[in-house]
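Heads up: numbering here begins at 1 and tracks the sequence. Only this structure's heavy atoms are used, side chains among them; waters, hydrogens and symmetry mates stay out.
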Amino acid sequence: MPPITAAAQSSTSRRTAAPAWLVTLLVCAGQFLVILDVSVVNVALPAMRTGLGLSELGLQWIVNAYVITFAGFMLLGGRAADLFGRKRIFVLGLALFTVASLAGGLAQEPWQLIAARTVQGVGAAVLSPATLTILTTSFPAGPARTRAIATWTAVGAGGGAVGGLVGGVLTQWLSWRWVLLVNVPIGAVVLLGAVRWLSESRRDAVRRLDVPGALLVTGGLGLVAYGIVQTETDGWGSASALLPLAAGLAVIAVFIAVEARAKAPLMPLGLFRLRSVSAANAAMVLAGAAMFSMWYFLSLYVQNVLGYRPLQAGLSFIPHSLSIVLGSKIGPRLMNRVGAKTLAVTGAVLSAAGMAWQGTMDVHGTYLGTILGPGILMALGAGLTATPLASIATSGADPADQGLVSGLMNTSRQMGGALGLSVLSTLAASRIEQGHGPQALADGYGLAFHIGALVLLAAIALMVTALPRRRADLTHG
């Protein structure tokens with residue numbers, strides 16, 4: 001996420017000033033599409049599998065192709081907006097996202113859909129950072145900017161919250177293709193509005209663009225994820241698994257070497273010397289690895305085992321969505337009372353308890369007895385964990401690095417989620433292959449939740465032992 005202080009360093013060229021509400025509407029609409037597409041496909045996954053003949057493991061790449069490229073290029077997108085102009089990058093990212101959505105909706109083969117989701121992720125990474133900096137450079141510091149940022153935050157949370165419901169409605173009443181095609185008319189309207197009404201701005205002083213860094217970190221993590229997937233079919237000792245794993249780790253090592261020597265690194269390694277930054281990001285990777293997969297496996301369970309239709313699945317996740325929004329909203333208030341570290345640990349404990357409970361699912365599960373209770377615990381805990389971890393990470397950094405550290409936290413969460421989904425999907429598929437019918441599916445999904453609970457326990461141990469205790473590091477804002 002680019003620095004919110006960018007406005008003080010910007011020179012803005014304006015034609016006709018657009019109304020404040022219109023600027024906010026256009027920018028928030030772009031952000032809504034980006035966040036929506038992280039979650040909207042989950043309910044459509046069984047229909048995608050049937051329509052394109054995807055394997056159980058292949059489904060995860062519909063999610064991971066988007067998430068890995070989104071996270072890998074996010075910091076680069078923020079730098080590009082500063083360098084080439086926020087409006088120009090916003091328009092470029094939205095155009096790329098919209099065209100990729102059209103290609104995905106029209107895909108006839110699995111590889112075509114995965115390729116489209118990959119390009120979507122790049123477009124989202126280019127678009128998303130520009131949305132916030134456009135707001136901060138369009139509104140003067142004070143109440144107006146605060147209201148605009150609050151709206152942007154609420155829209156982002158709303159996009160993630162309604163994704164399951166939107167996906168269910170579109171999949172059941174139209175087709176799974178419409179979870180992607182719906183972006184096309186909305187994106188086209190926002191694109192035209194952005195070209196006409198948004199004003200251009202850029203930083204007076206900018207740093208060079210670290211394209212090699214973005215390519216290396218994205219490619220390395222993608223190879224690692226692919227190697228993990230291959231272990232399910234060929235085993236951990238097979239060349240098809242070990243070679244991509246080794247190649248991915250080697251690419252990540254090259255990325256670290258490049259970042260250590262780059263004049264304007266995508267990820268300044270010196271920041272990780274700060275205990276608050278390194279510990280909070282490590283905890284976010286582990287938390288993301290466990291929590292991100294919740295929606296994926298729940299969607300498969302309620303449709304493949306309990307027989308829910310897509311719309312029923314989307315409706316069943318409304319309490320989960322409301323719980324994560326509630327946790328995010330009350331987090332800052334609770335943080336002021338109990339401290340950021342205590343709140344982060346509490347949230348992770350709630351999520352771990354919910355995952356352990358959810359892992360007991362079986363073929364005879366019911367909504368009230370199997371889905372609602374553990375789902376609320378998992379989602380509420382996720383909402384309570386994210387804000388204090390971000391607060392701890394930014395509290396120890398220099399004010400000039402606040403935006404960069406926030407971007408690192410977003411990247412850690414998305415990358416942890418992508419790798420976690422690869423591991424948990426592989427383990428679930430291995431368990432499913434040992435049985436037959438819906439019970440085997442329930443056992444596999446349940447194992448994924450139990451392993452997720454163990455990952456969260458590791459995150460809790462890390463938080464307790466490594467997060468700083470100083471009051472300065474534990475206060476929000």
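- In this structure A103 satisfies the side-chain contact (heavy atoms from CB on, under 4.5 Å) test together with A116, sequence neighbours excluded.
- The two atoms that bring A124 and V34 nearest to each other are CB-CG1, 3.8 Å, heavy atoms only.
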**OP:** Run the numbers on L384 and I330 for side-chain contact (heavy atoms from CB on, under 4.5 Å), then give the verdict.
**Re:** CA-CA 8 Å; L384 291 174; I330 66 175; 3.9 Å; yes
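- Proximity of T385 to M291: side-chain heavy atoms (C-beta onward) are separated by under 4.5 Å at one or more points.
- Here the side chain of Q172 pairs a donor or acceptor atom with the backbone of L311 at under 3.5 angstrom.
- Between I62 and M48, the shortest heavy-atom contact is CG2-SD, 3.8 Å.
- Each side-chain hydrogen bond (donor to acceptor under 3.5 Å, both in side chains) pair with one or both residues in residues 116-127, not counting sequence neighbours, appears once here: D37-R117, D37-Q120, S101-Q120, R117-Q120.
- One finds the CE atom of M463 at 8.5 Å from the CD1 atom of I392 (value rounded to the nearest 0.5 Å).
- Judged by distance alone, the side chain of Q358 and the main-chain N or O of G354 form no donor-acceptor pair under 3.5 Å.
- Between the side chain of S299 and the main chain of Y296, no donor-acceptor pair closer than 3.5 Å is present.
- In terms of heavy atoms, A44 sits closest to V179 at CB-CG1, 4.0 Å.
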Could you please spell out the steps behind the side-chain contact (heavy atoms from CB on, under 4.5 Å) verdict for V41 and Y66? CA-CA 11 Å; V41 301; Y66 182 84; over 6 Å; no
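- When atom types are taken as modelled, the side chain of T360 and the backbone of W357 share a donor-acceptor pair closer than 3.5 angstrom.
- The shortest side-chain heavy-atom distance between K341 and P388 does not fall under the 4.5 Å cut-off.
- Atoms CD1 and CG, on I186 and L181 in that order, are 11.5 Å from each other to the nearest 0.5 Å.
- F97 is not listed as a side-chain neighbour of V126, based on a closest heavy-atom distance of 4.5 Å or more.
- Taking the side chain as every heavy atom from C-beta outward, P438 and N304 never approach each other to under 4.5 Å.
- Under the salt bridge (Lys or Arg N to Asp or Glu O under 4.0 Å) criterion, no residue pair touches residues 440-460, with sequence neighbours excluded.
- Ring geometry for F297 against Y445 counts as tilted: the plane angle lies between 30° and 60°, on a 0 to 90° scale.
- When all heavy atoms are compared, the tightest approach of L456 to A287 is CD2-CA, 4.0 Å.
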Side-chain donor-acceptor distances from residues 243-253 under 3.5 Å, at least two apart:
none

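- F90 is linked by a ring-ring contact (aromatic ring centres under 6.0 Å, His included) to nothing, counting only residues two or more places apart in sequence or in another chain.
- Nearest approach of G104 to L180, heavy atoms of both residues: C-CD1, 3.4 Å.
- Ring geometry for F317 against H320 counts as perpendicular: the plane angle is over 60°, on a 0 to 90° scale with 30° as the lower cut.
- Y301 places a side-chain N or O within 3.5 Å of a backbone atom of D362 that can act as its donor or acceptor partner.
- Rounded to the nearest 0.5 angstrom, R273 CZ and S278 OG are separated by 11.5 Å.
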Sequence neighbours left out, cut at 3.5 Å: what donor-acceptor pairs do the side chains of residues 365-382 make with other protein atoms?
{"residue": "T366", "atom": "OG1", "partner": "G369", "partner atom": "N", "Å": "3.1"}
{"residue": "Y367", "atom": "OH", "partner": "S316", "partner atom": "O", "Å": "2.9"}
{"residue": "T370", "atom": "OG1", "partner": "T366", "partner atom": "N", "Å": "3.0"}
{"residue": "T370", "atom": "OG1", "partner": "T366", "partner atom": "O", "Å": "3.2"}

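- Interatomic distance, W61 CH2 to L54 CG, rounded to the nearest 0.5 Å: 13.0 Å.
- Shown here for G452 and M355, the closest heavy-atom pair between the two residues is C-SD, 3.6 Å.
- Using a 4.5 Å cut-off on side-chain heavy atoms (C-beta onward), T342 and V345 make no contact.
- The CZ atom of R49 sits 12.0 Å away from the CD atom of Q303 when rounded to the nearest 0.5 Å.
- Side-chain contact between L300 and L441 is absent, with no heavy-atom pair separated by less than 4.5 Å.
- Side-chain contact between W176 and L113 is present, with at least one heavy-atom pair separated by less than 4.5 Å.
- Separating the CG atom in L94 from the CD1 atom in I89 is a distance of 12.5 Å, to the nearest 0.5 Å.
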